[in-house]
Amino acid sequence: MLDLETFRHSTSHIMADAVKQLFPASKLAIGPAIEDGFYYDFDTEKPFFQDDLIKIEQKMAEIIKENLPFERTEYSHQKAEDVMKDEPYKIELIRELPDDKVTFYKHGDFIDMCRGPHIERTGLVKHYKLLSATGAYWRGSEKNKMLQRIYGTAFFTKEELDAFLAHREEVKKRDHRILGEDLDLFSIHQEEAGPGLIYWHPKGATIRQLIEDFWKSEHRKSGYQFIYSPHIAKINLWKTSGHWDFYKEYMFSPMDIEGQNYILKPMNCPGHILVYKTRVRSYRDLPLRWAELGTVYRYERSGVIQGLLRVRGFTQDDAHIFCRIDQLHKEIMDVIKLAIHIFRSFGFSDFKIRLSTRPAHYVGTIERWDMATDALRQAVESLNIPYETAQGEAVFYGPKADIDIRDCLGRAWQCFTVQVDFNLPERFDLYYSAKDGTRHRPIMLHRALMGSLERFFAILIEHYAGAFPSWLAPTQAIILPVTPEQIEYAKKTYSELLSKGIRAEIDSRDERLSERIKDASLSKCPYILVVGEKEEKEQTIALRQRAKKDITTISLDDFIKLIKQENNPKD
RNA sequence: GCUAGCCUAGCUCAAUGGCAGAGCAUCCCGUUCGUAACGGGAAGGUUAUGGGUUCGACUCCCAUGGCUAGCUCCA
């Protein structure tokens with residue numbers, strides 16, 4: 001049985017063959033299979049254009065039609081370099097191979113150094129498509145030359161390829177940047193105000209408030225307290241925390257205020273630590289769980305900014321937990337439980353945890369690292385969520401666990417993180433008084449559940465395709481009087497809904513009913529309430545639910561009951 | 001930041017060196033309407049910004065800003 005990776009890898013060879021035939025001066029770099037298909041990097045005189053991709057696809061069709069066999073051969077280093085003498089990138093790779101034997105695969109006149117395996121014949125490839133051409137650095141380093149990369153994909157069946165392309169279309173349709181504008185949720189004013197800075201419109205702000213309210217109430221239930229900290233602080237604070245040394249490239253330049261340098265905060269932790277230090281903490285005070293919807297500013301290079309997903313100013317749903325070692329396990333467990341609960345409430349149910357362990361360079365003792373890592377591992381295991389361990393992937397100050405959530409299109413997003421920190425308590429000389437009066441270092445946990453509100457909002461918009469569940473919808477019900485005769489009745493209905501805490505609107509514009517239904521539907525409002533002569537007489541409403549064709553006539557009280565039922569996040 | 005492509009009305013897009021245009025949205029008028037696009041009219045532009053080439057530039061060239069897709073990075 002063929003595996004898809006082999007199949008796609010072979011397709012990338014066919015593509016490289018086509019490129020070599022059409023553009024003989026191109027030099028080959030690498031061409032692996034990737035999650036959604038494959039790519040191949042070339043060093044070419046000119047970048048590839050859209051038209052070139054079509055030509056390359058046609059040439060590939062010819063190679064496939066010839067049904068050439070893939071043949072494997074092994075050469076010594078010497079011979080390999082000889083065979084690849086016109087391919088400088090291949091030579092570089094060959095020289096790094098430890099074995100003397102180098103394997104090659106050949107079909108027709110095209111030969112490529114490659115570990116393999118490959119499919120038997122080019123004719124097996126039938127359903128493929130070239131997707132895009134972009135620049136990519138040789139070996140991923142911007143110090144190296146930029147090569148030209150062509151992405152493509154291949155599938156066993158036409159149905160799978162069509163489904164993949166349809167999925168790409170769906171992703172495009174759900175793009176939060178488009179929906180954000182269509183639904184009047186937010187805007188970005190790159191020219192006037194700067195890229196990566198978000199303006200939340202009333203509808204977007206309503207959703208944000210709903211998210212924040214829910215977040216706060218769940219935190220209160222979980223024993224958190226809230227604090228607020230300023231957006232700027234003197235540079236010394238960032239020198240003490242160490243950010244000025246290891247995080248400088250993401251920090252905005254200092255601003256001079258009365259001869260002192262101040263920095264826009266890229267993180268909330270130093271502020272929380274200052275609060276901790278305002279008095280001597282007892283072992284009985286711990287754990288302290290302090291949360292803040294803290295807005296931070298980070299310099300991101302212009303090329304990486306994207307919609308709400310990657311910005312220069314954003315609000316973290318941050319919290320810091322100061323605790324004793326013996327409390328660590330429970331605190332970690334509770335944080336992960338809270339995160340899962342919140343994600344479920346927003347309609348996510350598929351999670352994957354990644355545990356990152358001690359890297360080569362670290363602060364703190366091995367014993368503490370092992371203990372903290374075990375605490376993380378035990379918490380994850382007892383919650384029965386699949387996890388993987390990323391050996392040596394943690395940051396220098398402590399082990400961490402991250403959670404990827406999967407949206408309804410199967411895309412994974414990293415939002416949640418919980419990080420143990422042995423470093424900052426040390427740098428700021430944090431302590432608490434133990435039972436016997438001696439001083440001890442508390443352990444500090446950093447954690448964010450949604451990560452950034454901006455980014456999480458983007459994920460929600462795309463997850464729901466802008467059709468937010470009733471509890472999050474900026475407008476839950478739009479009331480449409482059939483004629484001006486019913487405006488009074490519509491207003492009465494409106495006041496009644498408002499008084500019950502339902503987010504309602506009236507559209508009594510001088511437009512045909514069908515026009516106003518169209519607009520209400522496009523706004524993705526969950527409920528449309530039509531009131532005409534008949535409804536007024538019977539004191540009812542004609543209810544049209546989002547994504548449903550049928551219309552039901554019910555009393556306003558029944559509608560209120562219905563919407564109240566939906567007014568809470570699902571868990 | 002780098003590579004490539006792109007930037008025309010609020011939005012989506014025409015105009016290939018010779019008079020800047022359409023649809024949607026907006027505003028006005030008409031229509032008073034029973035479940036997804038009513039009719040008519042008006043207004044809307046220093047063609048991203050700055051320079052250059054040319055008798056003449058939305059169009060060609062240069063710089064700057066920004067966007068898009070990647071690379072790298074990441075909440």
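The figures that follow rest on heavy atoms only: side chains count, while hydrogens, waters and symmetry mates do not. Order of the sequence lines fixes the chain letters, A, B, ..., with proteins taken first and strands second; residue numbering starts at 1 for each chain.
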Suppose we call a contact any N or O donor and acceptor under 3.5 Å apart; does that hold for the side chain of [X] and the base of [N]?
{"X": "Y39(A)", "N": "G70(B)", "value": "no"}
{"X": "E142(A)", "N": "G1(B)", "value": "yes"}
{"X": "Y250(A)", "N": "C73(B)", "value": "no"}
{"X": "Q148(A)", "N": "G70(B)", "value": "no"}

As a test of reading the structure: which of [options] is closest to the side chain of [X], going by heavy atoms?
{"X": "K518(A)", "options": "U26(B), A25(B), C2(B)", "answer": "A25(B)"}
{"X": "E511(A)", "options": "U32(B), C38(B), A37(B)", "answer": "C38(B)"}
{"X": "R301(A)", "options": "U72(B), A36(B), C71(B)", "answer": "U72(B)"}
{"X": "Q190(A)", "options": "G66(B), G34(B), C2(B)", "answer": "G66(B)"}
{"X": "R310(A)", "options": "C2(B), C73(B), U35(B)", "answer": "C73(B)"}
{"X": "E515(A)", "options": "C73(B), A25(B), U3(B)", "answer": "A25(B)"}

Margin query: Going by centres under 5.5 angstrom and planes under 30 degrees, do the aromatic ring of F314(A) and the base ring of A75(B) stack?
Written below: yes
Base, sugar-phosphate, or nothing for [X], non-hydrogen atoms under 4.0 angstrom?
{"X": "A542(A)", "result": "base"}
{"X": "V311(A)", "result": "base"}
{"X": "Y151(A)", "result": "sugar-phosphate"}
{"X": "S521(A)", "result": "base"}
{"X": "P484(A)", "result": "base"}
{"X": "L522(A)", "result": "base"}
{"X": "E485(A)", "result": "nothing"}

> Is it the case that Y527(A) and E566(A) place a side-chain donor and acceptor less than 3.5 Å from each other?
Replying inline: yes
* State yes or no: are the ring centers of F348(A) and W413(A) separated by less than 6.0 Å? => no
Validation: residues 130-139 of chain A side-chain donor-acceptor distances under 3.5 Å, sequence neighbours left out:
from: W138(A); atom 1: NE1; to: E92(A); atom 2: OE1; distance (Å): 3.3
from: W138(A); atom 1: NE1; to: E92(A); atom 2: OE2; distance (Å): 3.4
from: R139(A); atom 1: NH1; to: E96(A); atom 2: OE1; distance (Å): 3.4
from: R139(A); atom 1: NH1; to: E96(A); atom 2: OE2; distance (Å): 3.0
from: R139(A); atom 1: NH2; to: E96(A); atom 2: OE1; distance (Å): 2.9
from: R139(A); atom 1: NH2; to: E96(A); atom 2: OE2; distance (Å): 3.4

For [N], does OP1 or OP2 lie under 4.0 Å from any side-chain N or O of [X]?
{"X": "Y297(A)", "N": "A75(B)", "answer": "no"}
{"X": "R177(A)", "N": "C67(B)", "answer": "no"}
{"X": "R516(A)", "N": "U32(B)", "answer": "no"}
{"X": "R544(A)", "N": "A36(B)", "answer": "yes"}

Acceptor/donor pairs from residues 453-462 of chain A side chains to any protein atom, 3.5 angstrom cut, sequence neighbours excluded:
from: E454(A); atom 1: OE1; to: T315(A); atom 2: N; distance (Å): 2.9
from: R455(A); atom 1: NE; to: Q414(A); atom 2: O; distance (Å): 3.4
from: R455(A); atom 1: NH2; to: Q414(A); atom 2: O; distance (Å): 2.7
from: E462(A); atom 1: OE1; to: R411(A); atom 2: NH1; distance (Å): 3.0
from: E462(A); atom 1: OE1; to: R411(A); atom 2: NH2; distance (Å): 3.1
from: E462(A); atom 1: OE2; to: H176(A); atom 2: N; distance (Å): 2.9
from: E462(A); atom 1: OE2; to: H176(A); atom 2: ND1; distance (Å): 2.8

* To do: Assess whether atom CD of E212(A) is packed by more than 12 heavy atoms of other residues, nucleotides or ligands within 6.0 Å.
  => yes
Can you establish whether the number of heavy atoms outside K352(A) located under 6.0 Å from its atom NZ is more than 12? no
side-chain hydrogen bond (donor to acceptor under 3.5 Å, both in side chains) with H446(A): of H320(A), Q419(A), K400(A), only one passes, and it is H320(A)
Q.
Between E87(A) and K20(A), does any side-chain N to carboxylate O distance fall below 4.0 Å?
A. yes
Margin query: Donor-acceptor check, side chain of T11(A) to backbone of A154(A), threshold 3.5 angstrom: yes or no?
Written below: no
Donor-acceptor contact below 3.5 Å, side chain E536(A) vs main chain Q486(A): no
The residue, L147(A) or L543(A), whose nearest nucleotide of RNA chain B is more 5′ is L147(A)
Numerically ordered, the residues 446-465 of chain A set in heavy-atom contact under 4.0 Å with RNA chain B is G451(A), S452(A), R455(A)
Within residues 195-212 of chain A, the residues having a heavy atom closer than 4.0 Å to RNA chain B are P195(A)
May I ask you to decide if the ring planes of Y40(A) and H13(A) are parallel, tilted or perpendicular, using 30° and 60° as cut-offs? perpendicular
Sorted by chain and number, sequence neighbours left out, side-chain contact (heavy atoms from CB on, under 4.5 Å) with R503(A) holds for T206(A), L210(A), Q476(A)
If one requires at least 3 consecutive Watson-Crick or G-U pairs with distances under 3.5 Å, the stems of RNA chain B turn out to be B:1-7 with B:65-71, B:10-13 with B:21-24, B:26-30 with B:38-42, B:48-52 with B:60-64
- Would you verify whether the NZ or CZ of R8(A) falls within 45 degrees of the ring axis of F38(A) while also being under 6.0 Å from that six-membered ring's centre? no
